[in-house]
Amino acid sequence: MQGDFEAHRKAFEELGAEATEVRTAAQLSAVDGLVIPGGESTTMLELLRIESMMEPLREFGSRKPVFGTCAGAILLASEVSAPAQESLGLLDIAVERNAYGRQVRSHVTRIAFEGGELEAVFIRAPIIRRVGPGARVLAAYAGDPVLVEQGRHMVATFHPELTADRRVQNLFLEKVRG
Ligand code: GLN
């Protein structure tokens, strides 16, 4: 509905996956996994409400994998602050919006990942303040979780679609294939 869905589509196509854009509840029945991209979560939430997509998304998430990046991670969380807003609650995490400060504090950095490093782009990113017992931290930056999975779902507070490395997308594809 909003955000950098085009970059996500290209990244998954590079990996041989078939990617399609989803804007209605009916289109959900055609996909095996869903990426909710970065953007502005308040705007996305507004559009999801207008399209009556909140319940269909929760229902989809009860059966199929969902990957949320940045604003998408905010939408997937169980608790949102700064300010508080409704979310889908597919992962038991609490997120604080815009927690790195203003736009000028957006940054590109290297984070530890899978025994090596991964370039991570943060754009007005949230910080994951709490990770529930059912969730697992896959990568952290400056002590805060930035890549988390819970069962079939995954969230990243950075933008893996903006770098050439496809390991994060691969992790999600494994969930979709599973
Ligand atoms: N700041 C946005 C929000 O709070 C998220 C930014 C992003 O997705 N890059 O919704």
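Numbering of ligands and ligand atoms starts at 1, following listing order.
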- Message: For a quick check under 3.5 Å, do Ser81 and Arg129 share a side-chain donor-acceptor pair by atom type?
- Response: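 No donor-acceptor contact under 3.5 Å links the two side chains.
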- Task: Report the nearest protein non-hydrogen atom to atom 4 (O) of ligand 1: residue, atom name, distance rounded to 0.1 Å.
- Result: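 Residue, atom and distance for the closest contact: Arg97 NE, 2.8 Å.
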- Give the residue, atom name and distance (to 0.1 Å) of the protein heavy atom nearest atom 1 (N) of ligand 1.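 Residue, atom and distance for the closest contact: Asn98 OD1, 2.6 Å.
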Find all atoms of ligand 1 within a distance of less than 4.0 Å from any non-hydrogen atom belonging to [X], and give their numbers and elements.
X	answer
Gly38	8 (O)
His159	7 (C), 9 (N)
Ile74	3 (C), 4 (O), 10 (O)
Ile123	6 (C), 7 (C), 9 (N)

- Message: Using the rule that Ile, Leu, Val, Met, Phe, Trp and Tyr join whenever any side-chain heavy atoms are under 4.5 Å apart, tell me whether Ile128 and Leu76 fall into a single cluster.
- Response: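 Ile128 and Leu76: one cluster.
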- Below 6.0 angstrom between ring centroids: does that apply to Phe158 and Tyr141?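 That pair fails the under 6.0 Å test.
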- Message: Could you check whether any side-chain heavy atom of Thr20 comes within less than 4.5 Å of a side-chain heavy atom of Gln27, counting everything from C-beta outward?
- Response: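 Side-chain contact under 4.5 Å: no.
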- Message: If you define the side chain from C-beta out and look only at heavy atoms, does anything of Met44 sit under 4.5 Å from Met1?
- Response: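 Not in contact.
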- Query: Counting only heavy atoms not in Arg136, do more than 12 fall under 6.0 Å of its CZ?
  - Reply: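 No, the 6.0 Å shell around CZ holds no more than 12 heavy atoms from other groups.
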- Message: Check contact between Met44 and ligand 1, using heavy atoms of the residue and a distance below 4.0 angstrom.
- Response: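 No.
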- Compare Gly39, Ser41, Ala125 and give the one whose heavy atom is closest to atom 5 (C) of ligand 1.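 Answer by nearest heavy atom: Gly39.
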- Task: Please work out which of Cys70, Gly3, Gly72 has its closest non-hydrogen atom nearest to atom 7 (C) of ligand 1.
- Result: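 Shortest heavy-atom distance from atom 7 (C) of ligand 1: Cys70.
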- Message: Using modelled atom types and a 3.5 Å cut-off, is there a donor and acceptor pairing between side-chain atoms of Thr157 and backbone atoms of Ala125?
- Response: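 No: the side chain of Thr157 does not pair with the backbone of Ala125.
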